[in-house]
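A, B, ... follow the sequence lines: proteins, then strands. Residue 1 opens every chain.
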Amino acid sequence: MTHMTFSEQVYVLCRKIPRGRVTTYKILAEKLGIKGYQAIGQALRCNPYASDVPCHRVIASNGSIGGFKGKREGKEIDEKVRLLKGESVLVIQGEVDLHQYLYSFS
DNA sequence: GTTGTGACGGGTC
DNA sequence: CGACCCGCCACAA
């Protein structure tokens, strides 16, 4: 765990997100001690570990779904929502209730 | 809710 | 190496 690249650190954190919960890009950035919030998304964009890293559990800090696979709208987003619903995370009008599902690595 | 600006790491040139 | 552009964002106006 000493010399991991930025992206790898992102993956490690994402994997810690419990099923049925979500976190935000901001929180991940804070945990990594950086302020390049977009960098988080950039790292997930590649997401070589789709099977291990549930990047769909990472949403924007305002509760909106954010993006998925490089897309900010379209079928990709629809799939992200579907994955969340599959984990009992309700998505109302493209937004998640953070007060209910947010996981901040307590 | 929308729009603009800020911030910063990664990748590319 | 150094400078440049881009991005699944955040925040203020």
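- The line from NZ of Lys26(A) to CG of Asn62(A) is 11.0 Å long, rounded to the nearest 0.5 Å.
- Sorted by residue number, the members of residues 52-60 of chain A with any non-hydrogen atom under 4.0 Å from DNA chain C read Cys55(A), Ala60(A).
- At whole-Å resolution of the value, CZ in Phe6(A) and P in dC9(C) are 13 Å apart.
- Taking 4.5 Å as the limit, some side-chain heavy atom of Leu28(A) sits within range of a side-chain heavy atom of Thr23(A).
- Contacts with DNA chain B (heavy atom under 4.0 Å) in residues 79-92 of chain A: none are found.
- Proximity of Ile59(A) to Leu98(A): side-chain heavy atoms (C-beta onward) are separated by under 4.5 Å at one or more points.
- In Glu73(A), the CD atom is not crowded: 12 or fewer heavy atoms of neighbouring residues, nucleotides or ligands sit closer than 6.0 Å.
- Of all non-hydrogen atoms in Phe6(A) and Ala39(A), the two that sit nearest each other are CE2-O, 3.4 Å.
- At least one donor-acceptor pair closer than 3.5 Å links the side chain of Lys80(A) to the backbone N or O of Val58(A).
- Tyr11(A) approaches Ala43(A) most closely through the heavy-atom pair OH-O, 2.8 Å.
- Computed from coordinates, the Ile27(A) CD1 to dC11(C) C1' distance equals 16 Å when rounded to whole Å.
- Between the side chain of Arg21(A) and the main chain of Leu102(A), a donor-acceptor pair closer than 3.5 Å is present.
- Interface limits on DNA chain B: the 5'-most and 3'-most nucleotides within less than 4.0 Å of chain A heavy atoms are dA7(B) to dG10(B).
- Taking the centre of each ring, Tyr101(A) and Tyr103(A) stay at or above the 6.0 Å mark.
- Summary of the strand contacts: Gln42(A) and Tyr37(A) both lie near DNA chain B, and taking for each the nucleotide with the nearest heavy atom, the more 5' one is attributed to Tyr37(A).
- A straight line from CG of Leu28(A) to C1' of dA10(C) spans 14 Å, rounded to a whole angstrom.
- Panel note: side chain Lys31(A), backbone Leu13(A); no donor-acceptor pair is recorded below 3.5 Å.
- In this structure, the NZ atom of Lys35(A) is 13 Å from the P atom of dC11(C), given to the nearest Å.
- In this structure, Glu76(A) contributes its side chain and Gly67(A) its backbone to no donor-acceptor pair below 3.5 Å.
- Taking for each of Gly36(A) and Glu95(A) the nucleotide of DNA chain B with the nearest heavy atom, the 5'-most of the two is the partner of Glu95(A).
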